[in-house]
There are 2 protein chains.
Amino acid sequence: MNVQFAQLRYFLALTTAKNYSLAAEQCNVSQPALSMAIRKMEDDLDLILIDRTSNPITLTEKGEMIAAQAMRILDEMQLLEKLASDLHDDRLTGQLKVSVIPTLAPYIVPQFIQKYAASYPDIELIIEEDTTKSILQKMKVSETDAAILATPIDEKSIVYQPLFYEEFLVFSHEKIDKKYILPEDIDFQHLWLLEEGHCMRQQMIKICELRNQTKSQIRYNAGSIESLMNITESSGGMTIIPEMATWGLSEDRKARVTPFYEPTPVREISVAHHRFSTKLRLINTITHTISEIIPQYMKIKDTYQRIDFQT
Amino acid sequence: MNVQFAQLRYFLALTTAKNYSLAAEQCNVSQPALSMAIRKMEDDLDLILIDRTSNPITLTEKGEMIAAQAMRILDEMQLLEKLASDLHDDRLTGQLKVSVIPTLAPYIVPQFIQKYAASYPDIELIIEEDTTKSILQKMKVSETDAAILATPIDEKSIVYQPLFYEEFLVFSHEKIDKKYILPEDIDFQHLWLLEEGHCMRQQMIKICELRNQTKSQIRYNAGSIESLMNITESSGGMTIIPEMATWGLSEDRKARVTPFYEPTPVREISVAHHRFSTKLRLINTITHTISEIIPQYMKIKDTYQRIDFQT
DNA sequence: GGACATTCATAAATTTTACTTATAAGTACA
DNA sequence: TGTACTTATAAGTAAAATTTATGAATGTCC
């Protein structure tokens with residue numbers, strides 16, 4: 001563990017400047033300082049990073065690979081310094097706009113909004129429902145500060161931190177007299193899905209695809225979990241709902257909820273924000289408050305044998 | 001840029017040990033050394049990271065946030081050191097197993113396999129076709145060393161580097177007398193899709209969904225782009241094919257390829273490998289060789305107005 | 001082909017930083 | 001109130017990074 005940050009900085013400056021003196025100037029050090037630092041780095045790593053015979057100097061293949069990794073380190077380092085400077089602002093006040101996906105919002109928002117207001121009276125919290133796609137777009141242009149959504153998402157400018165894992169369950173028109181739902185128990189002819197745009201719709205389809213039942217005609221209609229359940233009740237058939245939607249159900253409805261057989265499908269719910277957000281402290285208050293609400297077992301990834309929702 | 005690597009190490013050791021002497025011991029330094037280093041870090045960042053009044057000591061809220069970021073830095077740093085130690089092995093020999101998705105393999109593999117063999121005669125290259133899902137699984141258990149596939153993928157243990165961006169085009173039974181395909185030109189009643197398991201199938205559906213045409217019955221059948229085109233030719237209708245599939249087409253077929261109107265759907269093709277792969281140098285040879293084959297305009301993300309394939 | 005410019009390496013001196021030992025101060029608990 | 005434990009401070013030392021000055025190598029231009 002000998003490599004120094006300064007060395008990495010000098011090295012990367014050199015890789016772009018391709019000239020020791022110039023790179024040294026950019027780093028505000030003398031040319032020998034930079035020269036020796038890089039030599040030391042080569043010694044420490046025991047690798048030749050620079051081809052000094054060519055003119056202008058070039059990186060060796062190994063040098064290229066080290067440079068790529070060095071850049072990642074400095075990126076993270078810059079983030080640390082930005083974070084530190086953001087944290088200088090001690091006031092825990094201001095506006096915080098949080099977007100939540102519609103299949104989660106009705107269940108999580110009411111639970112934490114009161115607790116939150118009590119804990120952080122000086123933060124003006126604005127919550128809005130929106131689809132993942134739209135949320136990501138808004139976060140990129142800083143129209144919203146943070147989001148609570150299903151992950152994974154892969155968007156270089158957005159970072160996220162998993163909060164909890166939520167099981168999917170089957171809600172049916174009539175009581176199912178089984179402890180677990182097996183593939184053959186699913187009535188694909190009468191499976192109600194969410195309408196376009198919900199990420200959970202994709203997950204519902206995925207659950208069915210994974211069970212190799214795609215030839216059926218899947219009907220979709222509902223714009224919310226609540227209306228999904230209503231349609232299921234009024235028109236028969238079954239649907240898939242997330243765990244938290246079962247918490248407030250009547251005993252009558254609860255009796256018609258059946259878990260899947262393992263591997264249980266789950267979704268990962270995370271707090272996301274822009275990589276360069278300036279409101280990290282405010283966003284942190286959201287994370288903390290939610291964490292206090294969620295039962296412990298939901299925070300552990302391995303509670304369930306997961307179905308992977310990777311594309 | 002004052003923060004030192006050692007300071008981060010000491011700080012993280014302290015966050016887990018919650019005891020200066022113990023943390024110092026773990027870091028192989030004296031207790032005052034660690035104590036002073038952390039004090040200096042607090043000075044540098046101008047933040048109070050540790051609540052020294054409590055017993056045992058605790059992190060302040062800010063300290064928690066800095067610790068999380070510090071961990072990311074050390075993670076990347078460890079990766080640098082692992083990379084450096086892997087690079088010590090100068091032999092560019094051995095076996096390299098590369099998995100390629102089936103909708104890409106037939107077009108890219110023949111092109112680069114000869115060039116590759118000439119450049120790296122001592123590497124035994126094993127290429128196999130597989131679906132994204134299966135490839136990711138195999139990479140996680142080191143059954144395959146690297147992959148060429150469509151990204152983004154979001155899998156913590158897998159890292160990838162974009163190679164190029166490939167446009168999707170429409171291939172039709174009869175020549176379309178238009179310069180660009182508009183949503184209303186797509187004949188959804190006769191759109192041929194790939195069978196389950198291909199990531200490109202998802203992308204095809206996405207292209208259609210984005211154009212709000214989901215009520216139609218989509219038929220799917222083919223196991224490869226080649227058979228997709230054959231079915232389209234023999235049974236009528238149209239299909240969607242990737243750009244590289246058009247390169248080797250007969251003039252007759254080429255005439256029946258039509259681009260989409262902007263935003264053009266594209267897929268991002270990347271080289272992926274396990275975060276802790278020990279064959280980074282070998283994998284790098286793949287990246288380089290492909291890069292030499294691919295025309296420049298395909299390497300630029302902004303050549304196309306992209307359609308985002310985020311879940 | 002020799003003078004000049006440019007670029008990187010080396011050497012010695014200096015400053016800065018990090019570390020160690022020894023010890024003091026603070027705290028928790030019996 | 002003392003004892004054990006933990007953290008902070010101080011002084012001295014070793015290590016390092018950096019500076020200035022200069023040397024060596026390479027390329028360029030007339």
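Below, chain A is the first sequence line, B the second, and so on; all start at residue 1.
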Could you state the atom-to-atom distance from CZ of A:Phe5 to P of D:dA17 in whole Å? 14 Å
Between protein and nucleotides 18-30 of chain C, map the contacts as a letter string: B base, S sugar-phosphate only, - none, heavy atoms under 4.0 Å, written 5' to 3'. SSBBB-----S--
Return the value, rounded to whole Å, for the distance between atom CE of A:Met41 and atom P of D:dA17. 13 Å
Determine whether more than 12 heavy atoms belonging to other residues, nucleotides or ligands lie under 6.0 Å from atom CD1 of B:Ile48. no
Between B:Gln161 and B:Ser270, is there a side-chain donor-acceptor contact under 3.5 Å, judged purely by atom types and distance? no
Figure out the CD1/P separation between A:Ile57 and D:dG27, and round it to whole Å. 14 Å
Identify the two heavy atoms, one from B:Ser277 and one from B:Ile283, that lie closest to each other, and give their separation to 0.1 Å. OG-CD1, 3.5 Å
May I have the distance from B:Glu25 (atom CD) to D:dC5 (atom P), rounded to whole angstrom? 14 Å
Heavy atoms of B:Met139 and B:Ala272 approach each other most closely as SD-O, 3.7 Å
I'd like to know if the side chain of A:Gln31 pairs up with that of A:Ser21 as donor and acceptor (distance under 3.5 Å, no hydrogens or angles considered). no
Quick check: closest heavy atoms across B:Tyr116 and B:Leu282, and the distance to 0.1 Å? OH-O, 4.1 Å
Which pairs, with at least one residue in residues 35-45 of chain B and sequence neighbours excluded, count as a side chain to side chain donor-acceptor pair (under 3.5 Å)? B:Lys40-B:Asp44, B:Glu42-B:Arg52
Do B:Ser291 and B:Lys299 have a side chain donor and acceptor closer than 3.5 Å? yes
Of all of residues 12-22 of chain A, which get a heavy atom below 4.0 angstrom from DNA chain C, listed by number? A:Asn19, A:Tyr20, A:Ser21
